[in-house]
Structure formats: structure tokens, C-alpha cells
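A short write-up of the structure that comes next.
Along the sequence shown, residues carry numbers from 1. Counting starts at 1 for both ligands and their atoms, following the listed order. Just so it is clear, the values below take in all heavy atoms, side chains as well, and ignore hydrogens, waters and symmetry mates.
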Amino acid sequence: MERRSFIKKAGAGIAAAVGAGLALRPRRARAAKTYNWKMVTTWPPHFPVLGESADLIAEWVEEMSDGRIKITVYGGGELVPPLGVFDAVSSGTVEMGHGAAYYWAGKHAATQFFAAVPFGFNAQSQNAWIYCGGGQELWDEVYAKFNLKGFLAGNTGVQMGGWFNKEINTIEDLKGLKMRIPGLGGKVLAKAGGNAILVAGGEIYTNLDRGVIDATEWVGPYHDNKMGFYKAAKYYYYPGWHEPGTSLECMVNKQKFEALPKDLQAIIVAACYRSNMWSLSEFEAQNNKYLKELVEKHNVQLRQFPDGVLRDLKKIAHETLDEIANNDPLTRKVYDSFLTFQKTMNQWNRISEEPYQKFKEL
Ligand code: CA
């Protein structure tokens, strides 16, 4: 149909519709296919900040798509077990998942770099690497092996070092310690002589309280306060050397994602970006308030890891990362990109963030 004749006919159609008293509706609304999707998560249902991020992604996607995608969010265990998220999305049993990529270290070692690396990136550098430094392309390469597409969907900021019932004065104090600590941090602890135990969020408090584990890390003051760890452990250590800026992820089954119209794909991407910013902002805004509450109201003993302990852990972390990378070419490729970017970030931070830090005190 020639353009002019199309416009003429379209014009006639509109005139007829208006003449018939019909309200004009956007073309999209007539043609829209709706999608009813499921999102499984590693978090207990509606878990503060972490589970809420998943709920918000669903809410924002529905709002932005004018109801064309409805996502039902399931807490860990409601549809699949918390650590069954990866397989459920990979196989297409459900369309989406929400968690943190280091939970999938057993699927592929490289997944861990897209969540947290001991002595690695803070939130700002992690975002810079993934969004603008080649990280997303590598993540796509790793996840394509599993028919998945991963997106950043949150960040905790620098975490705390964890909850202990004894002081940690030297690396020797970690020997034999049964600690809930996931991912690469767990591997470092194990190499330092401790026992790293992976426990899903909902079960940590009970394990700590009953002495099944001696220590745990979780996130930071805001979330740790909600988890009630102060009732089961006395010392609260910082900094979170093992998780200096942990990313949450939203994963989508790759085939289902690619089968979506382009505008709906863009809506999912936009909701993940928004969630990434929202959860970091929420943690940053709340952490200090709850740290004060833990110390002043609950008499938690705040402790900084001695420099010597951090130096030893950092040395072990680099050995651990090198070993993991040497086991597999794709992990090596991801780690090399990570290291190169970290060097660049460190050089830039030495003349941007670091000199400023000294003078920002009021
Ligand atoms: Ca943690």
C-alpha cells in the first residue's frame, strides 16, 4: 500500500470510528499479547530488601508494560527450593529467577565473579565493570551455556565481616571455625583452616543459635538486625572483605527472553536497572541507623578485623582465585577481565575516591 493511500484509508477509518462514537484506543492495546510469568527466588517470601527487590521488579514490569507481563513471584521453597532457582529457570520450568550469582558456583565457577569477589569490587566498581567494562558480555557468555540471561538487580554495598562468639585476633583464630559464608569467601575461609558452610537465608539464625555453626556472615547492619543475629552472637566484625559489594541478580530463561517483543525486553532490562539502584540506596540509607541500634540497644561488640588478618586473607584470596581460574579457560577469561578492570579502578580511585575520603568528615 502506498503511503498516501494508506494515510487516506487510515484517516477514513478513524473518521468512521469517531463517527460511530467509538473511543480511539492505542493500537497496542488491541494487539497486545499478555504474558503470565513466574519468578522463583532464593529468598524467603517477601524477605526485606532482597525479596522485596524481586517483588518490585514484578510490580515495575507490570506497570511499565501496562499489564502485558504479569510476573508472580515465589519465595524460596514455595515452588522450588531456594537453591533450585538456577535449574528451574535454565530448564524453562519458570521464566525468571532472583538471587545472587555466587550461589551457582557448582554450575560454573565463573558465575561467582558476577556476585562478589573477596577483596574485589565495591558496588560502584562492580556496576562499572558489568555495565561499561565488558562484564555483561562475559556474563552473557557464561549464562548462555545454561540457556540463561543474567542482569544486575541489586547491590548490598560493602557488607559486614560477620557474627562471631570469639574475638578474631590472628588468622589462627579461624582454624576449625564452622562459619556460614558462601561463594569465594567460603573457599578462602576453608583454605585458612575454617569450615565454610552454605546455609540458605531462612535457616541461618536457627543454626547459629543451636551451635550447628559457630559464626555467620549475612549482609550488613540493616538486614542483620532484622535477622536477629545479635541474640546468638556477641561480636560483629567489619569490614566484609569477602563481599565488598555483592550484586543481586535477576535471571531470565534466554529463549523466553528472546521470544519477547523488543519493547518488553527493554522493560525487563529497565526494571532490573531500577532495582539495582533501589536496593543499594535502601541499604546505604538504613545501615548506620541499625548499626547504632545493634551497638546501643543490643550491646553488640563491634570489632574491626586486625590488618594482619586481612593481609593474610587477601593473600589466600588471590591464591584461591588463581587456582579457580586455572581450572577452566572461561573462568580464566572472566578473572583476567576482572583483574584488569580492578587495576584500572584502583589507579583511578587513588586520585578520586581515596584522597577525598580523608576530607569528607564534617
Ligand atoms: Ca553475605
- Taking 3.0 Å as the upper limit, name the protein N, O or S atoms near the Ca ion (ligand 1).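 Under 3.0 Å from the Ca ion (ligand 1) - ignoring waters, which are not counted - the protein N, O or S atoms are Gln159 OE1, Glu217 OE1, Glu217 OE2, Trp218 O, Glu243 OE2.
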- Task: Evaluate the ring planes of Tyr205 and Phe229, with Trp represented by its six-membered ring, and classify them as parallel (under 30°), tilted (30 to 60°) or perpendicular (over 60°).
- Result: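 Ring orientation of Tyr205 relative to Phe229: parallel.
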- Determine the interplanar angle of the Phe114 and Trp139 rings, folded into 0 to 90°, and report it as parallel if under 30°, tilted if 30 to 60°, perpendicular if over 60°.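 Correct class here is parallel.
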- Item | Centroid separation Phe119 to His318 less than 6.0 Å |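 Judged by ring-centre distance (under 6.0 Å), Phe119 and His318 do not meet the cut-off.
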- Check whether any side-chain heavy atom of Val117 lies under 4.5 Å from a side-chain heavy atom of Gln112, and answer yes or no.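 Sidechains of Gln112 and Val117: no contact.
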- Qualifying side chain to side chain donor-acceptor pair (under 3.5 Å) pairs with a residue from residues 266-275, counting only residues at least two apart or across chains: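 Passing the test, one end in residues 266-275: no pairs.
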- Kindly give the heavy-atom pair with the smallest separation between Phe341 and Ser125, and that separation in Å.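 Nearest pair, atom of Phe341 first, then Ser125: CE2-O, 3.9 Å.
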